[in-house]
2 protein chains.
Amino acid sequence: MYRSVGTFLLSWLLWTAGLALPAPAITLAQEVSPDSQLLGFTREHARLQWSLEARLPALISAERMRTYHRALTAEPHHAGTEANERTAEYLAARLRAFGFDSVAFYRYEVLLPRPVERSVELIAPESYRLRLSEPPLAPDPDTRKDGVLPPFNAYSADGTVEAEVVYVNYGIPEDYRVLDSLGISVEGKIVLARYGRSWRGIKPKVAAERGALAVLLYSDPADDGYVRGDVMPDGKWRPEWGVQRGSVLDMPLYPGDPQTPGYPSKPEAERLPLAEIPNLPSIPVLPISYGDALPILRNLKGPVAPEAWRGGLPVTYHIGPGPARVRMTVRQDWSVRPIVNVIGYLWGREEPDKIIMAGGHRDAWTFGGRDPISGAASLLETARALAHLAREGHRPRRTIAIASWDAEEYGLIGSTEYAEEFADQLQQQLIVYLNRESYTAGPFQAGGSHALEPFINEVAQAVPAPEGPGTVWHFWKARTSAQRLVRTSRGERIRIAALGSGSDYTAFLDHLGIPSVNLGFDSGNGIYHSRYDTHWFFTTYGDPGFRYGVRLADLVARFLLRLANADILPFDYAITAETIQQYLDELEALQSQYLKEPVDLQAVRQAAQVLEATAIAFRAERDRILQLPAATLGAHRATLAAINEHLHRAEQGFLHPEGLPGRPWFRHMLYAPGFYTGYGVKTLPGIREAIEAGRAAEARAMAEATAAALERVRQHLVAALALAHTIR
Amino acid sequence: MYRSVGTFLLSWLLWTAGLALPAPAITLAQEVSPDSQLLGFTREHARLQWSLEARLPALISAERMRTYHRALTAEPHHAGTEANERTAEYLAARLRAFGFDSVAFYRYEVLLPRPVERSVELIAPESYRLRLSEPPLAPDPDTRKDGVLPPFNAYSADGTVEAEVVYVNYGIPEDYRVLDSLGISVEGKIVLARYGRSWRGIKPKVAAERGALAVLLYSDPADDGYVRGDVMPDGKWRPEWGVQRGSVLDMPLYPGDPQTPGYPSKPEAERLPLAEIPNLPSIPVLPISYGDALPILRNLKGPVAPEAWRGGLPVTYHIGPGPARVRMTVRQDWSVRPIVNVIGYLWGREEPDKIIMAGGHRDAWTFGGRDPISGAASLLETARALAHLAREGHRPRRTIAIASWDAEEYGLIGSTEYAEEFADQLQQQLIVYLNRESYTAGPFQAGGSHALEPFINEVAQAVPAPEGPGTVWHFWKARTSAQRLVRTSRGERIRIAALGSGSDYTAFLDHLGIPSVNLGFDSGNGIYHSRYDTHWFFTTYGDPGFRYGVRLADLVARFLLRLANADILPFDYAITAETIQQYLDELEALQSQYLKEPVDLQAVRQAAQVLEATAIAFRAERDRILQLPAATLGAHRATLAAINEHLHRAEQGFLHPEGLPGRPWFRHMLYAPGFYTGYGVKTLPGIREAIEAGRAAEARAMAEATAAALERVRQHLVAALALAHTIR
């Protein structure tokens, strides 16, 4: 379900602008060790790695991707269906055929509501029964197929509500502050909110906190419809009756099966009764098309909406309340159903218990043309290439795993249950988790653990751009704001984003502290979570010819292979520490806005500075070691392994054992989805959200916990440094 | 027809923002002489003047304004009709009844085309006959009346054209540069342009230069329709079928009767044959509603329009060309018809041959609820108050004239023919022309000759704000950008705007060099030049209760009375000279954009600096003289009159006898409507437009002419200064 609208909009603008830019000159990221030529590799191993990677392009085929894509989007396959079991089998069969050493199924039984009754009627001042369905589109035969889940918001409360309507713009907290200033209350009303600017589950949460009785979510044409461009089937934007399905779980509390917070949903697991689940919306929610929203908006009076609230429908946007009055009913079948993750392993030749994993989900709200099969098809071709090299004798040093998650759309359920089941084992074995799901032709984006920022820059420099001159790195840079460029003594580095939530990296990063990355190409579209997200869409507008998919498969293959083969793991915590100091600058600026007495953040800053210094010292040692003769290194295998163990475990130091205040599942002290944004990240979340809520004591406690976390990370680097000094 | 959309939008934003501002503290403009308390008055005369002005509020009645307004909007009264002759008679009768000493009719016979045939049909890919008419609105009985001119663009070429359509956004030169970059030509096409961002006559001019065959002008809902707010009759914005009428004369070439450029259209005048008139569009033009534009826009393909080009209709805006194909016909009756200006005089008691004039037009495209009768009604009440004071013995020292112009809508024709007929006499007698036509409740705006900037600030400080605390000056300041505030040693001054064109000050200022001012309240609306500009509109949305009208009548009365009674005329050419230096800074910045070798503007800058110094020296002398005993001044009456003569004539020094290159009618070297903007002013137009066109030699010649003009102005001040020294 990966989607971060704000970022998408910005990227789209930069992308559009970027097309006109001249080709950039080739530059290298600073942290590429000039002698080894590859981060973490000795000179000799770098040469081998380069020759291995040189074979990749010939092993990757757009045609095969098209075949996988067609097969995996042939029928609707939402979580808990036999159709989705068939996609698991297809995928497992492919991995086995490629030569993966082992393919495992991980099964859980989880709460997956499905709609049984949905109706919305405008009953005053005019009468209109909302359509709530998506008609087929002539050129796309898949849109005529049966079995598609009708538009609904999973985990909505059941019930019937009748009330006047209030239009609340995006329905995020700042919108309610505008309503307050106008003296308009949503208490006892049905809220009409447009999609965007937050995780959709935030909208009913905030509406319910304000006393609303129900929520209608709609897609405004200004956000992803005709205002943006031609609509399906003439273009990729949302047509009149297209609806965005989606979960409205309060995921910033915890993701995964809502009945088993923190532990896996095995058949025998104890489950919270429905009434006791804390992260379900308390009011009914339904998604509607802009075709269906128009008659409601047309019948609102009250103040004219502020300029920023006006969308693209041909009416003057009013806030209400009323006179539009709506009656709506939602009823779901709240069954527990089976889901299955599929993971294929290509065992490592030297450190088989150390794993580099790439994964993405497989379940789709409808056909999954973009979301998520685009990613699954490209990742399969990565898997095939790596297996092919392994079969020819180039087995990676560490294990490479390719994962396919189920029930992501409902709330990151497959990956979360898996991470909860194998928490200890993953913290011991999983070195990096790379999330790779949906993509389309569009700008390149990368987010994740900042220790991997130099490594990501380096990998991006190895793959040709999908269009235009240079590499993916140049393509990325041309579409990135100048503020995200760091000029270094040896070139430039593009800053990666911090991760919020919205896809399957969440459990790995935020719950287990495993260094995680989410990257890919993407651009805006209007088929998101609709019946129109099909093979036809993807091959017509998503990535015709799989040009971007081929580059992505290549890039992911190198990403995995390098991490699997590196002599010293390419983590650079100096970058993390420097980034933390920037976040602290932001927090200092924020304090005066929310707190009378600023909280003293000096201890955190000092901890970050000391961490940075330690990491820089280690970086120098790493570069020294990588230039030693092979024989010397051969004699220090165990020491190198111990160094790598510390590097791999360092990120886990950022976990606060008690987790964030009020949501203990989220334990990472650097990154978390915002409690009131959901997709959007809050960095240094413990401190930041306490400041924003004006809770000074909590902010102080969180500052202490954060400083302690940084010190735990540093202790790993101190240990690695001590070990490094012994290698001579 | 006064309307400057760009300024309006800005003002509207400031207006909206301004409402939330705290009440500003009272401050005085710097140039108010602290001893006399009134610019240009001795202390004793200032006291008299203040006591006279104190009586004004009681003399001004909202109810009478409503009566005038109802009478003057009772029937459609476009120029050349008997109905408009009746409005002239009504107005003259009022002035006579008030006690004006003389009321004169000035008659001309001018070219006033009227539509005979109008049709537009979309003939492919679907068929749709455009409505081209405005249905009545239930709550407004006037909209059911007969006699309204159907929507048309006066002076359009006649003819029938059939061609594919290209959407050109606002149809201004920069839009065509975007089309060039996309490789789209309008040659042989019909251009669809939205209203706004320029004088409408620019749009067919530019389109024809690019080879277009015809132009359709439409009002996009994003500019003045439902995107801005509720539409008539629920709100003041443009309804689906509302159309903006208007002239498409190329007025930046010359305004007035197009058949008699530079001389008055008396019955016996020689007239250019139609085919030889240089400022008529060469192609047919018709205005349409957004209801009628929708089927055309819906049927355009080709590239999606850039984001800034997209309006508020529920379609993806495409540029074309085609496949929308349109056939259109325009045919007009090109008759010469009679028009009449009405001017009432209140003779001055001491200098009856020196005149202060306020005027505005009377003809309307339809009923004239806002445009222009709002202004005429308020001005009548000013006239009544001044006549009342005169009858009670407070006759002004100089003559006050109240003018009502005809045929402004067609091209400033009444005022232009009058200014051309009495050019010499006006240059001798007319001290200031104040233009006062349409207004509505909204921000205050003022533009004009910069020598009057301190005076305008002072007058605005004498009248209570129409809403909120303080005076009109504070109301003005709160809705003005901080960049327009000049902090002076004694307080703050608000900069006035330079005047472009679009109303009847044009001939006085640009052709005759008479210091002119245009000021008033106004805000955006969607009834402009439509059938819906009625008494109902004005009293419901324009200025319900005439609260703003009352303040305006008061302000205008003080403006006229002070100029009529001042001992020394309150012109301050130091402000003009300082403003010119700012314009020169802009031009210097502009040069690098357009010229390889910058033109040397040092001589102009020096001339401005010397003018400023001279004007400052005169200002000091003025303040000294105004503190002399009454007896001393009494002994120097003739000298004072001679000083005032120089002050009054100084502005005429800015006229370049040969006029601007290619348009000799426009002679002012500081202000002119832009050749490609029309409404928008170009300051230092001779130099600026030569630079923008890359014509360096012309820019040099214009710089020379401008420096010479500044020197002519300065010579008047030198002479005034020399005379002032003799008064002791």
Side-chain angles (χ1 to χ4, degrees), chain A residues 9-10 12-17 19-20 125 178 181-182 220-241 289-291 293-295 297-320 323 524 526 541, chain B residues 9-10 12-17 19-20 125 178 181-182 220-241 289-291 293-295 297-320 323 524 526 541:
Chain A
L9 276 175
L10 178 64
W12 186 84
L13 290 172
L14 291 167
W15 156 254
T16 313
L19 288 174
V178 173
S181 75
L182 294 167
D220 196 283
D223 295 309
D224 67 1
Y226 54 70
V227 174
R228 303 293 304 279
D230 289 321
V231 304
M232 286 277 282
D234 299 322
K236 66 177 181 173
W237 297 99
R238 195 174 298 274
E240 187 172 10
W241 304 107
S289 64
Y290 59 81
L294 180 59
L297 276 164
R298 197 165 49 207
N299 284 297
L300 289 178
K301 295 222 186 285
V304 172
E307 222 169 304
W309 286 38
R310 300 178 202 163
L313 284 167
V315 296
T316 304
Y317 283 66
H318 287 255
I319 296 176
Y541 298 115
Chain B
L9 275 175
L10 178 63
W12 186 83
L13 290 172
L14 291 166
W15 155 255
T16 314
L19 288 175
V178 172
S181 75
L182 294 168
D220 195 283
D223 295 310
D224 67 1
Y226 54 72
V227 174
R228 302 294 303 279
D230 288 321
V231 304
M232 286 277 280
D234 299 321
K236 66 177 181 171
W237 297 99
R238 195 174 299 275
E240 187 172 11
W241 303 107
S289 64
Y290 59 81
L294 181 58
L297 276 164
R298 198 165 48 207
N299 284 295
L300 288 179
K301 294 220 185 286
V304 171
E307 223 169 302
W309 286 38
R310 301 179 202 162
L313 285 167
V315 295
T316 305
Y317 284 66
H318 286 255
I319 296 176
Y541 298 115

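Naming: A, B, ... by sequence-line order, numbering from 1 per chain.
With a threshold of 4.5 angstrom between heavy atoms, B/V304 approaches chain A through side-chain atoms but not through N, CA, C or O.
For the set A/A222, A/P314, A/P221, the count of heavy-atom pairs under 4.5 angstrom toward chain B peaks at A/P314.
Residues B/T316 and A/Y226 come closest through the heavy atom pair OG1-O, 2.7 Å. Of all heavy-atom pairs between B/R310 and A/R228, the closest is NH1-O, 3.5 Å.
To the nearest 0.5 Å, atom NZ of residue A/K301 and atom CG of residue B/D234 are 5.0 Å apart.
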